[in-house]
Amino acid sequence: MTAPLVDSRIVVDRGAFRLDIHLRIDPGEVVALLGPNGAGKTTALRALAGLVPLTDGHIRLRDRELDDARARRWVPPEHRPIGVVFQDYLLFPHLTALENVAFGPRSHGTARKEARVVAAAWLDRVGLGDHARRKPRQLSGGQAQRVALARALAVEPELLLLDEPLAALDARTRLDTRAELHRHLAAHPGATLLVTHDPLDALVLADRLVILEGGRVVQEGDAAQITAQPRTDYVARLVGLNLYRGRAAGGGVEVAGGLTLTTTDAVDGDVFVAFSPIAVAVHLDQPTGSPRNTWPATITAVQRHGDNLRLQLDGPIAAAADVTPAAAAQLELVPGRRVWAAVKATETRAYPADA
Ligand SMILES: Nc1ncnc2c1ncn2[C@@H]1O[C@H](COP(=O)(O)OP(=O)(O)OP(=O)(O)O)[C@@H](O)[C@H]1O
């Protein structure tokens, strides 16, 4: 096992909110910090950058202690081998693209002339060599993002921090910039921490996902592990699954509302059961026949979901069900309608809750 590049315990108190996480990042690794609003993602990123003091814990980068709350050690941001791209890029409006990028190396002590040479090379690498003299207001959102990335990479940081790097872009630009960012991150020899609440950014750009909720890590792993076995409602929604906690015994899992779901996975004790909204069939009468789980439900909402419609169902368990527009029209699936939901045992996945 290689030694981690970043080894940290980050504790930050902000009034009623407390962030308390262990975060390790390997050399060359891209980690996405994912979580709902207010989970503490930006706080963690700002603590790593040296912009927020630790209440407790430490931040070690390679063999250097950047922060140690108890020893009262704190290395200021400009002396950290860290590059940051903020959510709104924070380009200086009165400086040209070239001067904005040169600001990175300048603030790390590089001489003016050399900083401009480095900056020009980085602008070339992000495809903006011919925009060097433009001011930020003369750049598109995607171009400003690339200037901010060039500025962060121009200091050759050991750790690159990206805070919602694509959030300010429209859908089309986002697609192109995401692919481009992926190339730059693959070429970046240092480690990267990416803060996002877009699961697609995380899945495309990151090697590993760390999921934060309420200032704590609730789950971490690669995309396959997380999508296979979500462990919280937030993660389940993120990967598009219905998720329930229950007690398993003899092939059945007792979940909420006295409902027992039959699964084909051999499990025992406290478990999660997950299934996709696509696996949920909706009927007007209780279906019989092949081994199915069925329960009565009321439609509470109908939303467009890709080519299908997504129904929110209330009942002994809350569930999302995807149906075709044709089925919805034929069965008159509208809010308030009482239906039967059905899921085949083979479409469910059950796994231990305390793994
Ligand atoms: N400067 C501050 N002073 C006091 N509390 C703050 C400050 N900044 C953030 N907080 C609080 O810290 C908590 C975490 O905020 P943070 O911005 O880290 O979350 P986040 O996961 O990045 O959220 P978002 O996705 O909305 O950006 C929130 O409860 C927030 O209200």
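All ligand and atom numbering here is 1-based and tracks the order in the structure.
- At a heavy-atom distance under 4.0 Å, no atom of A44 approaches ligand 1.
- Across H58, R60, R73, a single residue satisfies side-chain hydrogen bond (donor to acceptor under 3.5 Å, both in side chains) together with E65, and that is R60.
- Every atom of ligand 1 with a heavy atom of P36 under 4.0 Å away is listed here by number and element: 21 (O).
- Set against the non-hydrogen atoms of T42, the atoms of ligand 1 under 4.0 Å away are 17 (O), 18 (O), 20 (P), 22 (O), 27 (O).
- Scanning the protein heavy atoms around atom 19 (O) of ligand 1, the nearest turns out to be G40 N, 3.2 Å.
- Relative orientation of the F92 and F103 rings is perpendicular, given thresholds of 30° and 60° on the angle between their planes.
- Distances below 4.0 Å separate heavy atoms of H197 from the following atoms of ligand 1: 25 (O).
- Note that CG of L175 and CG of L166 are 10.0 Å apart. Values are rounded to the nearest 0.5 Å.
- For G35, the closest heavy-atom approach to ligand 1 does not fall below 4.0 Å.
- Although no hydrogens or angles enter the test, the distance criterion places no donor-acceptor pair under 3.5 Å between the side chain of Q229 and the main chain of F272.
- Annotation: atom 25 (O) of ligand 1 to nearest protein heavy atom, K41 NZ, 2.7 Å.
- Closest to atom 23 (O) of ligand 1, if we only count protein heavy atoms, is G38 N, 2.8 Å.
- Counting only N and O atoms by type, the side chains of H197 and E164 include a donor and acceptor under 3.5 Å apart.
- Within the 4.0 angstrom cut-off, atom 30 (C) of ligand 1 has no protein heavy-atom neighbours.
- Counting only heavy atoms of the protein, atom 15 (O) of ligand 1 lies nearest to T43 OG1, 3.8 Å.
- Proximity of G215 to ligand 1 is not established, as no heavy-atom distance is less than 4.0 Å.
- In this structure a side-chain-to-backbone donor-acceptor pair under 3.5 Å is missing from N242 to A319.
- Looking only at heavy atoms of the protein, atom 12 (O) of ligand 1 is closest to F17 CD2, 3.5 Å.
- In this structure, E99 contributes its side chain and T96 its backbone to a donor-acceptor pair below 3.5 Å.
- Using modelled atom types and a 3.5 Å distance limit, the side chains of E78 and S107 yield no donor-acceptor pair.
- Considering only non-hydrogen protein atoms, atom 11 (C) of ligand 1 sits nearest to R14 CD, 4.3 Å.
- Separating the CZ atom in R178 from the CG atom in D198 is a distance of 5.5 Å, to the nearest 0.5 Å.
- Heavy-atom contacts of A39 reach the following atoms of ligand 1: 19 (O), 20 (P), 21 (O) (cutoff under 4.0 Å).
- The closest approach between any non-hydrogen atom of G15 and ligand 1 is not below 4.0 Å.
- Taking atom 26 (O) of ligand 1 as the reference point, the nearest protein heavy-atom neighbour is N37 OD1, 3.1 Å.
- Proximity of V253 to Y244: side-chain heavy atoms (C-beta onward) are nowhere separated by under 4.5 Å.
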